[in-house]
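Along the sequence shown, the residues carry numbers beginning at 1. FYI, side chains are in, hydrogens and waters are out, and symmetry mates aren't considered; it's all heavy atoms of this structure.
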Amino acid sequence: MLCHLIFLPYENYKGCHSCTGKPCPYFVSEGANTMDVGRAVLVQTEPRTRLDAGTWGTMGVGLGYCIAAAVASPDRLVVAFEGDSGFGFSAMEVETLVRYQLSVVVIVFNNGGVYGGDRRNPEEITGPYKDDPAPTSFVPGAAYHTVMEAFGGKGYLVGTPEELKSALAESFSARKPAVINVTIDPYAGAESGRMQHKN
């Protein structure tokens, strides 16, 4: 099986992939923008090979879906496309991936929070609320890949398309538990829920 995912600089989670060979992997997508855009760009060549949080966007199901798909179809690679928020709901399940050596590669699009991290304007960053970041923002540069490494899996930190291609090629070939932490611009793209003004 030969699978390629080409990550282009983030613009609404800009990305595309092509997959040849049989069987193609299961694709799991979870996260606000990540799941929404994943529905449009994760092209499936076989039926019933994409799993996501469904109509109501229930968060926390991504890694559970990965485990179920990997156990039900051990001959297939499972590739999860997770936003950093979606990943946070069930990230500790990477221990299960390692314990059972499941063929799951988790790609975390790390933009620093729900819909893009701390997007405060300059007055807010330097003004009286400078120590009060938006509740949707996370710790900048969170090292999600080290969660996988803590349990003995492979972690990758990538920030360029070339680094991502290399991490994908290595992890897809190894077919072992891995987390690829893709740092992306928190200001790129638009939030799918259009709620930034309420943060």
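- Hydrophobic clustering keeps Ile184 apart from Leu157 (ILVMFWY residues linked when any side-chain heavy atoms are closer than 4.5 Å, directly or through intermediates).
- In this structure, Phe81 and Phe27 have tilted ring planes: the angle between them lies in the 30° to 60° band.
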Let me see the working for Ile180 and Ser171 under side-chain contact (heavy atoms from CB on, under 4.5 Å), right down to the final yes or no.
-> CA-CA 9 Å; Ile180 303 173; Ser171 62; 3.7 Å; yes
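- With hydrophobic clusters built from ILVMFWY side chains whose heavy atoms lie under 4.5 angstrom apart, Met92 shares a cluster with Ile67.
- Here the side chains of Asp75 and Pro23 are in contact, with some heavy-atom distance below 4.5 Å.
- A 4.5 Å side-chain heavy-atom check between Pro177 and Val104 finds every atom pair outside the cut-off.
- With sequence neighbours excluded, no residue forms a ring pair (Phe, Tyr, Trp, His ring centres under 6.0 Å) with Tyr26.
- Separation of atoms NZ (Lys154) and CE (Met148) is listed at 11.5 Å; rounding is to 0.5 Å.
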Derivation and outcome, side-chain contact (heavy atoms from CB on, under 4.5 Å), residues Val78 and Leu51 | CA-CA 10 Å; Val78 179; Leu51 304 165; over 6 Å; no
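- Arg50 places no side-chain N or O within 3.5 Å of a backbone atom of Ser29 that could act as its donor or acceptor partner.
- At distances below 3.5 Å, not a single donor-acceptor pair connects side-chain atoms of Asn181 with backbone N or O atoms of Asn110.
- Under the 4.5 Å side-chain contact rule for hydrophobic residues, Leu63 and Tyr100 share a cluster.
- Counting heavy atoms from C-beta on, the side chains of Phe138 and Ser85 come closer than 4.5 Å.
- A distance of 6.5 Å separates CG of Leu164 from CD1 of Ile107, quoted to the nearest 0.5 Å.
- For the residue pair Tyr65 / Glu30, no side-chain donor-acceptor distance below 3.5 Å is found, with atom types taken as modelled.
- Within the 4.5 Å cutoff, the side chain of Val179 has no heavy atoms near those of the Val147 side chain.
- Shown are Thr183, Val182, Asp84; of these, the side-chain contact (heavy atoms from CB on, under 4.5 Å) with Asn111 is made only by Asp84.
- Residues Phe151 and Val98 come closest through the heavy atom pair O-CG1, 3.0 Å.
- When every heavy atom of Ala80 is checked against every heavy atom of Cys66, the shortest pair comes out as CB-SG, 3.5 Å.
- Residue pairs satisfying the salt bridge (Lys or Arg N to Asp or Glu O under 4.0 Å) criterion with at least one member in residues 98-116, sequence neighbours excluded, are listed as follows: Glu95-Arg99.
- Here the side chain of Glu82 pairs no donor or acceptor atom with the backbone of Val106 at under 3.5 angstrom.
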